[in-house]
Visitor: 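Got a structure for you, written out below as structure tokens; questions coming shortly.
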Amino acid sequence: MGEPIQVKQTKMNYSKDRPKAENPVKIMDLTLRDGHQSLFATRGRTEDMIPVAKMIDDVGFWAVETWGGATFDTMHRFLNEDPWERIRTLKRYITKTPFSMLLRAQNLVGYRNYADDVAEAFVDRAAGNGMDIFRTFDALNDYRNFETVVKGIKKAGKHFQGCICYSMTEPRMGGDVYTLDYYIKKAKDLESMGADSICIKDMAGLMAPYDAFELIKTLKSTVSVPLHLHSHFTSGMAPMTHLKAVEAGVDILDTCLSPYAYRTSHPAIEPLVMTLLGTNRDTGFDIRHLADINEILEKEIIPKYRHLANDTKMSIIDIKVLLHQTPGGMLSNLVNQLREMDALDKIDEVYAELPRVRKDLGQIPLVTPTSQIVGIQTVNNVLFDTEDERYKMITSQVKDLCYGLYGKTAIPINQEVQKKALKGYDRGEEPITCRPAEVLDPELEKAEEETRGLAADIDDTLIYALFPVTGKKFLKWKYGKEPIPPEVIPRTMEDVKAEQQLIQDAKAGKLIKKADKDTPVQGEAVRKFNVFVDEEYFEVGVDEIGGSPQINYVRQAQPMPPQPPPQPVAKAPEPAPAPTPAATPVQGTPAPAAAESADGTPLTSPMPGMIVAIEKKEGDQVNQGETVIILEAMKMENPLTAPVSGTILNMKFSIGDQTSKDDVLCLIG
Ligand code: CO
């Protein structure tokens, strides 16, 4: 059905007053959501959107994507911003262009399926706060996960855009699973669910231009609602894919303003405007107006985010994505995770393991949250599996997936993996086949109870219901119940300028490199002196290198107090290690070097992460293999199980604490 592109040889100009095209390509701008999510880890702040908001409103976009995806999570967690407030604030500046959000269906803006009552309340409040278009997707393309949210979107009288996650198992569209017929069926399903438009969501930029042409052309003759294409630039194909999609008759395309475009983000709008100028599909946008917005972004906004950009590579395309089909965000997550574990050299093993894990888990599309689920499980397999045991450390999310809590996978899950994952699983060892939310108990009332006295309204309660640990922390900052940590405070242009000056000075040779010297651990015998120089006063600590010979205080007489004060060691041969509270030095003789082994087996943190649940408290009895602590790493929950049976001793961490790799979390003795 695709209409040929016709070039009209009339007098053209850059501004808006050129003749209007017969069938202009409509554009959704993603700068304020997917743009900074892709390039700057979703760290864009509302205050940095305001300077261009009104100008963006004047472009003539079909919609602006302003919310959803990872914004809700990062805003409250890292930026100390109320996510709901962003919609309301931007609405004051953007009054003509509809707002669009990315909704992960029953996952909402989180990483698991929430109960129906939370989903209903969330959609209701998103609409109430000003959201107009709900771009809805399910990572498994299981549209039973749409049912509850779509009811809410329709009830609020808003636009329901249904997504098909574009996935492949072969280098091009085809193979056994993600065929043209697969997409036709999904599009028909969406139309019959009442979709106001349909989006093909190519999150990893895998769609080849001629596949796009075939797909869009076929879908145009299959469904009657507008077709929208979302194709990330990652592999470098997207601008060509866009053009072929335009030729095939696509109605709406996604782009970013050029400073937020390319790399793992999206094609820029400016070259597209010029490409289509004077054709029957001319966008009609004023290219000079776009240039004015770019000027502000480049000069006043981007410098604050430069440090977050991954600019270690010369190439702006990632050819590897074509080989292993991982979305950009997932890729950087994997690299970060491996780096934190000192295992970056294992990246090739991860690439090799990834397709195996994906196949084991039902050949699911890789998009949030399945990209994290598959990605982190892959990392776990590479790091922890042994020759005779695969899937040694299975994340909670993989267990949930195997149980059916995310929905139906494209092909059945590997039965062996499924059986292992569900062994002792708390909901039962037999997987479900119904709509996942049907087995979820209501969650809202519990969230209300748990935030009583803290949450002021339903919006607050929802922040907690979606993200209990970080949400609660945020609410405490919001209401002044806990001090705001310095790392969530915005970076200013002054900070940026000071840093740039420093770099300039360094390049000019004006800075002298300070020799790297580790600050030694302060010994227990450090002696403090007050030093007075004129009017100034300094406190100086003096600590003899190697630890001073300790004869300056007398040992306590009572034997082995429960928490003895750190006992000085007589002339330790090397700097003493950090004192172990339970160490029991023998009176008058040097302490044994590894006394802690006598007190229990340590449960260590296998990776850096945050403690989200403590299943066994200090003093509790635990059997070997039982979950003691749940550690969240890269948004995945890892149940840490007891290496031996015994009593939990010396639990040093609480919920919300960050851990480093190899931290001893508790002892079991
Ligand atoms: Co995207």
Side-chain angles (χ1 to χ4, degrees), residues 27-44 61-75 99-105 107-111 131 133-141 161-168 197-207 212 227-239 241-242 245 250 252-269 272 308-310 316-318 321-322 325-333 364-372 374-375 635:
I27 304 290
M28 179 152 96
D29 177 72
L30 309 183
T31 306
L32 305 181
R33 205 284 299 177
D34 211 351
H36 68 99
Q37 177 164 334
S38 300
L39 298 185
F40 307 128
T42 334
R43 297 300 199 270
F61 291 122
W62 176 76
V64 278
E65 193 187 43
T66 51
W67 210 64
T71 61
F72 198 95
D73 183 357
T74 47
M75 286 180 74
F99 277 17
S100 181
M101 76 166 286
L102 183 64
L103 181 70
R104 298 168 182 156
N107 285 200
L108 306 177
V109 287
Y111 311 99
M131 201 41 63
I133 297 165
F134 289 76
R135 167 177 285 179
T136 310
F137 79 93
D138 176 68
L140 269 52
N141 284 331
Q161 179 170 84
C163 285
I164 310 172
C165 295
Y166 185 76
S167 196
M168 304 191 308
S197 57
I198 291 174
C199 173
I200 315 293
K201 182 175 160 64
D202 174 23
M203 50 278 174
L206 302 174
M207 192 185 290
L227 290 183
H228 194 151
L229 179 61
H230 176 88
S231 186
H232 280 258
F233 179 76
T234 323
S235 72
M237 290 194 293
T241 302
H242 272 178
V250 78
I252 315 160
L253 290 176
D254 279 350
T255 62
C256 283
L257 290 158
S258 54
Y260 286 79
Y262 303 117
R263 299 190 185 270
T264 53
S265 181
H266 292 262
I269 179 60
L272 187 71
L308 295 166
N310 178 12
I316 65 161
I317 71 161
D318 178 7
V321 78
L322 292 174
Q325 307 194 354
T326 43
M330 172 185 181
L331 209 63
S332 49
N333 277 349
I364 47 185
L366 297 178
V367 61
T368 305
T370 49
S371 51
Q372 278 91 340
V374 173
K635 292 160 190 163

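Whatever order the structure lists ligands and atoms in, that order sets their numbers, starting from 1.
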Visitor: Listing residue and atom name, which protein N/O/S atoms are closer to the Co ion (ligand 1) than 2.8 Å?
Guide: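 Checking every protein N, O and S atom gives Asp34 OD2, His230 NE2, His232 NE2.
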Visitor: Main chain of Ala268, side chain of Ser258: is a donor-acceptor contact present, judged purely on distance under 3.5 Å?
Guide: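 Such a contact is absent between Ser258 side chain and Ala268 backbone.
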Visitor: For Ala41, which residues count as a side-chain contact (heavy atoms from CB on, under 4.5 Å) partner, sequence neighbours excluded?
Guide: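 Ala41 satisfies side-chain contact (heavy atoms from CB on, under 4.5 Å) with Arg43 only.
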Visitor: So Tyr262 and Phe233, would you call those rings parallel, tilted or perpendicular, with 30° and 60° as cut-offs?
Guide: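 Plane angle over 60°, so perpendicular.
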Visitor: Quick one: list whatever passes salt bridge (charged side-chain N to carboxylate O under 4.0 Å, His left out) with Asp318, sequence neighbours left out.
Guide: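 If we apply the salt bridge (charged side-chain N to carboxylate O under 4.0 Å, His left out) test to Asp318, skipping adjacent residues, there are no hits.
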Visitor: Can you name the closest pair of heavy atoms from Asp254 and Met28 and give their distance?
Guide: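 Between these two residues, the closest heavy atoms are OD1-CB, 3.2 Å.
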Visitor: Only counting residues at least two apart or in another chain, list the ones meeting side-chain hydrogen bond (donor to acceptor under 3.5 Å, both in side chains) with Thr74.
Guide: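 Checked Thr74 against side-chain hydrogen bond (donor to acceptor under 3.5 Å, both in side chains); zero matches.
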